[in-house]
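Comments concern the structure below.
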Amino acid sequence: MSNHFPESFFSRDTVQVARDLVGKRLVRLEGNQRISGIILETEAYRGEEDLACHCRAGRTPRTEIMYGPAGRAYIYLIYGMYWLLNFVTESEGSPGAVLIRALAPEEGKEKISQRRGNQPEKHWTDGPGKICIALGINADFNGLNSCTPQAKIFVENGQDLDPGLIHTGPRVGLESVPEPWRSIPWRFVVNYQHLLYGS
DNA sequence: AGCACGATTAACT
DNA sequence: GTTAATCGTGCTC
């Protein structure tokens with residue numbers, strides 16, 4: 001009955017999960033209202049050896065969630081201003097997470113428009129901080145299990161994408177991170193146009 | 001207890 | 001292209 005992606009989807013290699021999440025639908029359940037969008041861009045952060053991942057610091061109060069079971073939301077504050085949404089990956093004990101960086105809004109556009117103020121639709125959810133503003137996601141959602149039927153945030157099937165449309169590249173905003181982590185192609189993105197006009 | 005910095009964004013010039 | 005906004009986190013003293 002439930003169409004929520006199960007823990008087994010997230011409990012895999014982080015890079016593979018990041019790739020597979022592109023084209024899927026992210027849903028925020030707000031009361032009875034669905035606010036959703038097709039995932040257009042993700043990034044993988046995996047392991048203590050990944051110097052761009054928060055887990056480079058090992059187990060700390062903040063990173064503990066990434067060492068736990070997969071499918072949980074990992075949400076943190078960046079620049080003292082914006083919340084960023086990730087989904088925990090890998091088996092328990094192996095830290096990893098996928099950052100959700102961009103969406104194509106589908107349901108609840110009126111609510112999204114309200115939350116995004118005067119921004120044009122093009123910029124409603126084209127960044128990780130913007131997504132959390134648009135969907136009303138904050139620290140209260142950290143650690144929530146997205147795989148339960150009553151989850152307030154979860155992933156379900158979305159667009160069927162030709163794998164050839166998914167582009168890879170270096171993760172964004174890592175200018176001070178040493179190689180090879182700075183340039184490793186763990187960013188996955190599909191062009192919005194492809195979703196608008198079909199694949 | 002203090003400090004430097006960041007997986008960003010919006011509003012500038 | 002440049003820059004201010006703003007604070008939790010992890011590290012050093």
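In what follows, chains carry the letters A, B, and so on, assigned in the order in which the sequence lines appear, proteins first and then strands, with residues in each chain numbered from 1. Computed from a predicted structure; not experimentally measured.
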Separation of B:dA10 atom P from A:Tyr79 atom OH, nearest Å, is 14 Å

Let me know, please, whether A:Leu174 or A:His123 comes out on the 5' side of the other along DNA chain B by nearest nucleotide.
A:Leu174

Measure the acute angle between the ring planes of A:Phe154 and A:His4, then classify it against the limits of 30° and 60° as parallel, tilted or perpendicular.
parallel

Interatomic distance where OH belongs to A:Tyr76 and C1' belongs to B:dT8 [whole Å]:
9 Å

Distance in angstrom units between A:Arg116 CZ and B:dT8 P, rounded
15 Å

Looking only at side-chain atoms of A:Thr60, point me to the closest of C:dG10, B:dT8, B:dA11.
C:dG10

For A:Phe5 versus A:Glu156, what's the shortest heavy-atom pair and its separation?
CE1-C, 3.4 Å

Mind calculating the distance between CH2 (A:Trp124) and C1' (B:dT8) to the nearest angstrom?
21 Å

Expressed as a whole number of angstroms, how long is the span from A:Tyr82:OH to B:dG6:C1'?
13 Å

Students often get this wrong, so: under 4.0 angstrom with heavy atoms, is A:His54 touching a base, only sugar-phosphate, or nothing?
base

Just by modelled atom types, is the A:Tyr45 backbone N or O under 3.5 Å from a matching donor or acceptor in the A:Asp50 side chain?
no

d(OH, A:Tyr45; C1', B:dG6) in whole Å
11 Å

Geometric cation-pi criterion, A:Arg12 with A:Phe9: 6.0 Å, 45°:
yes

d(CZ, A:Arg62; C1', C:dT9) in whole Å:
5 Å

Between C:dG8 (C1') and A:Ile65 (CD1): distance, integer Å:
17 Å

How would you label the contact of A:Leu99 with the nucleic acid (heavy atoms, under 4.0 Å): base, sugar-phosphate, or nothing?
base

Verify the contact: side-chain N or O of A:Ser176 to OP1 or OP2 of B:dG6, cut-off strictly under 4.0 Å; return yes or no.
yes

Quick one: which of C:dC7, C:dT6, B:dA7 gets closest to the side chain of A:Met81?
C:dT6

Apply the test side-chain hydrogen bond (donor to acceptor under 3.5 Å, both in side chains) to residues A:Glu7 and A:Ser11: give CA-CA distance (whole Å), side-chain angles for both, the deciding distance (0.1 Å), then the verdict.
CA-CA 6 Å; A:Glu7 187 170 322; A:Ser11 180; 5.5 Å; no

